[in-house]
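Heads up, the thing below is written out as structure tokens.
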Amino acid sequence: MAKQLEKKYDPSEFEERLYAEWNEKGYFRPGRPGAKPFSIVMPPPNITGQLHMGHALDNTLQDLLVRYKRMCGFNTLWVPGTDHASIATEAKIVEKMREEGLTKEQIGREGFLERAWDWNRQYGGRITEQLKKLGSSCDWSRQRFTMDEGCSEAVREVFVRLYRKGLIYRGNRIINWCPHCLTSISDAEVEYEEQAGHFWHLRYPVKDSDGEFIYLATTRPETLLGDTAVAVNPKDERYRHLVGKTLILPLVGREIPVVADEYVEMDFGTGAVKITPAHDPNDFEVGLRHGLEVINVLTPDARVTDDYPAYAGMDRYEARKAIVRDLEAGGYLVRVENYSHNVGTCYRCGTTIEPRVSLQWFVRMESLAKPAIQAVKDGDIRFIPERFSKNYLHWMENLRDWCISRQLWWGHRIPAFYCDDCGELTVTAEPQAVCPKCGKPMRQDPDTLDTWFSSALWPFSTLGWPNRTEDLETFYPTSTLVTGYDIITFWVSRMIFSGLEHTGKKPFSDVLVHGLVRDAQGRKMSKSLGNGIDPLELIRTYGCDALRFALVSGNSPGNDMRASEEKFEAARNFANKIWNAARFVLMNLDGEEPVSFADLPLADLPDEDKWILSRYNRTVGEVRENLDRYELGVALGKLYDFIWDVFCDWYIELVKARLSEKGTESNRTAQKVLIYVLSNTMALLHPFMPFITEEIWRTLPHEGDSVMVSDYPVCRAELDFPREEASMRKVIDAIRAVRNLRSEMNVSRSRRAHLHIVTSEPSAFLGKEKFFERLAFASGVEVGSETVNADGSVRAITDDCEVLIPLADMIDREEELARLRKELTSAEGELSRAQSKLANADFVAKAPQKLVDGERAKAENASAKLEKLRAAIAHLENL
RNA sequence: GGAGGGUUAGCUCAGCCGGGAGAGCAACUGCCUUACAAGCAGUAGGUCACAGGUUCGAGCCCUGUACUCUCCACCA
């Protein structure tokens with residue numbers, strides 16, 4: 001008696017146990033040194049949130065690839081990341097401190113960082129534990145925080161290098177400012193949303209004129225305080241006489257010029273635009289061109305500065321109301337119009353961003369983007385699916401300089417030092433205490449770097465760069481990046497140009513892009529909607545394997561998917577099916593001997609064994625091919641069909657009789673084939689559903705410790721049995737036809753019948769009578785090529801045979817006639833379709849020979865079937 | 001404004017190199033059959049959004065149209 005599985009499929013019983021064991025045995029560490037490397041890095045998930053479906057999907061796909069490649073003999077490395085510094089993390093820590101009645105300022109930078117690290121360790125560790133439940137086979141011993149010493153060294157090194165090459169500069173530029181997070185954010189971090197607003201039509205008086213005004217409109221009247229010009233288009237006849245004149249800014253009384261600039265569109269609004277260089281990116285550009293003064297009117301938290309006593313301290317929306325009121329009172333407000341426009345918001349907190357001029361650090365993108373564009377254009381880096389490369393290229397080709405400084409504390413501090421005395425700026429990877437010029441104390445720039453600045457270095461910083469480590473030599477460039485399309489601009493693009501710039505090599509070859517997991521209604525999962533599905537909850541309910549199955553099956557790369565209860569149930573049902581099939585096989589095994597390919601007595605196998613081996617073998621070939629092409633959903637679909645429809649529904653049923661004949665040779669070979677096919681199928685399925693496959697594989701007779709470190713099955717020419725496959729297909733068709741007929745006629749399964757199979761090819765059926773007895777409820781079967789007396793019988797007709805079932809008394813003659821006529825019609829349709837194709841000279845001449853032959857065969861089959869059907873109908877009619 | 005998806009069974013979605021439309025769920029009929037009712041055996045259900053074109057042959061390739069989603073841009 002072989003080992004047995006638990007009666008009930010209960011993943012919680014073995015998933016954790018197996019994971020711990022894999023970990024303990026070191027299976028996650030790189031294996032097979034010297035073999036071809038396959039390496040990937042894990043996107044650093046943000047620690048502020050729970051593990052969500054996006055992580056689960058990323059992780060499942062990554063793990064799938066790594067497990068597959070490892071079993072294929074690659075030297076695999078999967079570096080896990082667990083956290084990166086971010087605005088959201090800082091906000092979370094600040095929030096937590098507020099609950100304790102503390103502020104950042106109170107505890108100071110040192111105290112804050114201490115807390116941040118505590119938080120990081122606590123939650124970073126929690127994410128790690130959560131990922132383990134997904135079966136992640138990444139090498140946790142190499143786990144990195146982007147804030148780690150090692151990675152920090154890389155960050156400083158990169159900063160200094162870019163600075164020395166002149167690719168990083170510090171300057172006063174207009175940037176996106178979040179008044180809530182109190183930091184600058186990059187263009188990519190701004191999300192635009194349509195908001196209902198107003199258009200305030202104003203008029204500014206022209207200085208020294210007879211009450212002449214210039215009319216303009218604005219959506220943000222409060223910025224009037226910072227206006228330093230009004231611009232018109234140089235071609236605009238209406239305003240030509242005013243260009244160069246001076247206006248009096250209402251409420252403020254400032255004298256501002258009228259300038260001519262191409263930026264202004266003549267046919268939008270009045271054709272005149274107020275220019276506020278400090279608070280609008282376009283106005284800033286205009287200001288640069290015309291040497292206009294830049295007047296900042298708002299504080300960092302978006303309140304009016306003390307320079308305007310009437311409004312000082314008001315936040316921007318209060319100020320807006322007050323200013324509109326005062327404009328109206330002063331006769332400067334012409335009218336108010338409802339207007340819907342796009343407003344930029346902070347993608348982290350949703351606050352409306354405030355464009356603001358400030359001193360920030362920037363990366364010059366032009367020279368960095370060039371090779372990054374080329375690498376994708378040349379196909380050196382490949383997006384899967386390919387269409388995302390367009391997305392990427394469009395982004396890269398339209399880049400503005402990247403604002404990398406953040407006014408946060410939780411992040412990599414910018415390695416720039418200022419001398420308060422002589423004003424010297426020193427950029428260096430080694431902290432500098434005194435000014436190299438005057439010897440006075442230096443002060444480090446208080447700002448930190450954009451989180452994506454350090455994340456961009458991930459593929460090589462995690463491998464030890466800038467040191468020339470063995471990991472770096474072996475595993476860089478990495479093989480495949482797996483991520484969602486929403487992150488291409490933030491992360492993928494920046495990894496590409498950073499990798500090329502700093503290592504001279506692309507960071508990875510393939511980018512497998514997946515879609516978003518949406519809820520059952522197709523909505524994006526979000527915290528505010530509360531429609532997020534917790535992957536850990538799903539694992540508790542359905543098991544990790546079911547979750548992974550649901551995430552991979554029926555999906556193609558780059559497409560969004562909906563998560564629904566039904567999908568997870570279906571996945572769990574599949575796992576349950578496998579479990580029970582394995583249980584059945586194990587119940588029927590006598591020994592514990594593993595079966596390898598060499599142990600299969602190929603020459604002596606009955607047709608059904610050759611048939612299943614042949615089907616199995618084809619599945620191996622197809623699955624490998626699909627996996628190599630990243631067609632993960634297709635590969636899994638094929639495995640599903642093979643396991644459920646072919647192995648369970650047919651093969652197991654076909655061999656049941658042999659399994660009860662204990663002690664016979666036939667019994668022993670059936671056991672061997674079952675073991676061989678099932679254990680290899682578990683290996684095939686392992687990358688998709690690691691736990692159940694491991695549990696079953698280990699319970700089956702096996703060689704080695706774990707399916708995880710065994711070889712992925714290979715396709716073998718010796719297992720290809722086309723003749724036996726064809727023969728079994730005929731038998732299965734006939735069994736289906738009989739079942740179908742009995743079912744339609746409502747014949748109870750207990751009513752057994754003696755079958756006559758009439759066929760031109762008796763050899764295909766001889767020796768397989770027992771299958772009909774078991775699966776087609778036959779009490780006995782005769783196979784012959786001669787037509788026999790069909791009186792009292794109904795006929796189940798297939799392309800290859802006619803099965804006579806003596807149940808005429810059970811059925812209604814008219815119903816049976818109707819059924820046969822329906823079949824006749826469909827057979828006629830088949831014949832005429834084939835014939836018309838064959839009658840088409842172009843088809844015969846131009847279509848591949850294989851296809852033409854196929855049509856000929858179809859025509860033959862159809863006419864044979866027709867003949868049988870006509871005879872059956874005639875026979876019935878004459879009764 | 002620019003770009004890219006999607007439109008296939010009642011629902012959710014697959015469909016590879018162009019070669020006779022598939023799955024899961026739901027529905028209907030019958031079944032506790034020597035693993036599995038989370039199951040088994042059947043049945044029904046489609047003008048592949050629409051209109052043209054290329055081709056011997058189009059769900060698939062091309063052009064246009066409609067509806068829809070997403071990303072990018074951001075005219076005050």
Side-chain angles (χ1 to χ4, degrees), chain A residues 5 7-9 187-188 190 192 199 216-220 223 231 263-265 267-270 272-276 280-283 341-344 385 387-388 390-391 393-395 398 485-486 488-489 515-516 520 522 524 542 553-556 558-567 569-588 622 625-626 629 631 633-634 637 640-641 648-649 652-653 656-657 659-660 736 739-744 746-750 774-775 777 830 833-834 837 840-848 850-851 854-855 858:
Chain A
L5 291 168
K7 186 157 196 297
K8 213 168 144 31
Y9 168 61
D187 294 343
V190 178
Y192 289 89
F199 224 177
L216 46 80
T218 179
T219 53
R220 300 168 62 213
T223 61
Y263 153 71
V264 182
E265 292 193 23
D267 38 12
F268 186 85
T270 61
V273 186
K274 65 195 249 337
I275 300 297
T276 322
D280 183 280
N282 291 308
D283 292 7
H341 60 134
N342 280 330
V343 175
R387 66 172 187 271
F388 287 104
K390 275 189 191 164
N391 203 331
L393 288 172
H394 181 260
W395 158 266
N398 293 285
Y485 60 70
D486 53 335
I488 290 174
T489 50
L516 304 175
K524 226 173 179 169
Y542 301 104
S553 74
N555 197 254
S556 55
N559 285 6
D560 289 354
M561 72 182 74
R562 295 187 193 204
S564 63
E565 289 296 314
E566 292 80 37
K567 205 168 218 163
E569 265 173 39
R572 190 266 324 265
N573 292 355
F574 177 53
N576 185 55
K577 184 75 184 176
I578 299 169
W579 187 262
N580 281 301
R583 218 157 54 79
F584 176 79
V585 170
L586 285 161
M587 277 163 47
N588 286 283
E622 289 177 352
E625 198 181 319
N626 289 131
R629 291 153 68 169
E631 293 161 353
V634 178
Y640 179 93
D641 290 343
C648 292
D649 288 351
I652 285 185
E653 296 303 329
K656 268 184 179 169
L659 290 174
S660 57
R736 281 209 178 105
R739 280 175 179 172
N740 178 338
L741 189 145
R742 290 179 56 112
S743 176
E744 277 190 22
N746 270 321
V747 181
S748 142
R749 59 188 299 120
S750 59
R774 182 172 277 274
L775 302 176
F777 320 110
E830 255 175 65
R833 200 180 300 122
K837 275 199 178 181
N840 182 341
D842 282 327
F843 174 77
V844 178
K846 294 181 185 175
K850 213 174 103 189
L851 230 78
E855 289 302 321
K858 276 179 204 167

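All chains are named by letter (A, B, ...) in the order of the sequence lines, taking the proteins before the strands, and each is independently numbered beginning at 1.
Using a 4.0 Å heavy-atom cutoff across all strands shown, A/Glu653 reaches at least one base atom of the nucleic acid. Residue A/Lys8 is classed as a base contact, given a heavy-atom separation below 4.0 Å to a base. Note on A/Arg774: a base of the nucleic acid sits closer than 4.0 angstrom, heavy atoms only. No engagement by A/Asp486 is indicated, since no non-hydrogen atom pair under 4.0 Å with the nucleic acid exists. Contacts of A/Arg739 with the nucleic acid, taken as non-hydrogen atoms under 4.0 Å apart, involve only primed sugar atoms and P, OP1 or OP2. Across all strands, A/Pro281 comes closer than 4.0 Å to no nucleic acid atom at all (heavy-atom distances). Contacts of A/Thr219 with the nucleic acid, taken as non-hydrogen atoms under 4.0 Å apart, involve only primed sugar atoms and P, OP1 or OP2. Heavy atoms of A/Arg572 sit under 4.0 angstrom from at least one base atom. Within the nucleic acid shown, A/Lys850 has no heavy atom closer than 4.0 Å to any nucleic acid atom. As judged by a 4.0 angstrom heavy-atom cut-off over every strand, A/Ser556 is placed among residues touching the sugar-phosphate backbone only. Nucleic acid contact class of A/Tyr640 (heavy atoms, under 4.0 Å, all strands): sugar-phosphate only. Among the atoms of the strands shown, only primed sugar atoms or phosphate atoms (P, OP1, OP2) are found under 4.0 Å from some heavy atom of A/Glu566. A/Asn342 comes within 4.0 angstrom of a base, heavy atoms only. Residue A/Ala581 is classed as a base contact, given a heavy-atom separation below 4.0 Å to a base.
The side chain of A/Lys390 lies closest to B/G4, out of B/C16, B/A38, B/G4. If you check B/A35, B/C56, B/C74 against the side chain of A/Phe843, the one that comes closest is B/C56. The side chain of A/Phe268 sits closest to B/A76 out of B/A76, B/A35, B/C56. For A/Lys567, the side-chain atoms get nearest to B/U12 when compared with the rest of B/G42, B/U12, B/A35. Comparing B/C16, B/G5, B/U12 by their nearest atom to the side chain of A/Asn626 picks out B/C16. Distances from the side chain of A/Tyr9 to the nucleotides B/A38, B/G19, B/U12 place B/A38 closest. Nearest to the side chain of A/Arg387, among B/A76, B/G4, B/G19, sits B/G4. Of the candidate nucleotides B/C36, B/A14, B/C72, B/C72 has the atom nearest to the side chain of A/His394. In the set B/G39, B/C74, B/G42, B/G39 carries the atom at the smallest distance from any side-chain atom of A/Lys577. Here the nucleotide nearest the side chain of A/Leu851, chosen from B/G19, B/A35, B/C31, is B/G19.
Taking a pair to require two hydrogen-bonding distances under 3.5 Å in either a Watson-Crick or a G-U wobble arrangement, B/C48 remains unpaired. As the counterpart of B/U7, B/A66 is assigned, both hydrogen-bonding distances of the Watson-Crick or G-U wobble pattern falling under 3.5 Å. Partner assigned to B/U34 is none, using Watson-Crick or G-U wobble distances below 3.5 angstrom. Shown here, B/A41 forms a base pair with B/U29; the pair counts as Watson-Crick or G-U wobble because both key distances fall under 3.5 Å. The partner of B/C61 is B/G53, judged by Watson-Crick or G-U wobble contacts that both fall below 3.5 Å. Summarising the base pairing, B/G18 is matched to no nucleotide, lacking a Watson-Crick or G-U wobble pair whose two defining distances lie under 3.5 Å.
Taking side-chain N and O atoms only, A/Asn573 has a distance below 4.0 Å to OP1 or OP2 of B/G39. Distances shorter than 4.0 Å separate none of the side-chain N or O atoms of A/Lys656 from OP1 or OP2 on B/C40. At B/U43, one or more side-chain N or O atoms of A/Asn740 fall inside 4.0 Å of OP1 or OP2 (strictly under the cut-off). Between A/Arg742 and B/G42 there is no side-chain polar atom (N or O) within less than 4.0 angstrom of OP1 or OP2. Regarding contacts with the backbone of B/G42, every side-chain N or O of A/Asn746 stays at 4.0 angstrom or more from both OP1 and OP2.
Within the 4.5 Å cutoff, side-chain heavy atoms of A/Leu5 are placed close to those of A/Leu586. A/Lys390 is not listed as a side-chain neighbour of A/Leu393, based on a closest heavy-atom distance of 4.5 Å or more. Residues A/Met587 and A/Leu659 form no side-chain contact, since every pair of their non-hydrogen atoms from C-beta on lies 4.5 Å or further apart. Put simply, the side chain of A/Arg742 does not reach to within 4.5 Å of the side chain of A/Arg739, judged on heavy atoms.
Annotation: cation-pi pair A/Lys656/A/Phe584 present, NZ/CZ under 6.0 Å from the ring centroid and within 45° of its normal.
The interatomic distance linking A/Glu569 (CD) with B/A23 (C1') rounds to 17 Å, in whole Å.
In this structure, A/Lys577 and A/Asp649 approach most closely via the heavy-atom pair NZ-OD1, 4.1 Å.
With the nearest nucleotide of RNA chain B identified for both A/Asp641 and A/Asp187, A/Asp641 has the one nearer the 5' end. Nearer the 5' end of RNA chain B, as judged by each residue's closest nucleotide, is the contact made by A/Gly633, out of A/Glu830 and A/Gly633.
No side-chain donor-acceptor contact under 3.5 Å links A/Ser553 and A/Lys567.
A tilted orientation is assigned to the rings of A/Tyr9 and A/Trp579, their planes being inclined by 30° to 60°.
A syn base is found at B/C17: its glycosidic angle is within 90° of 0.
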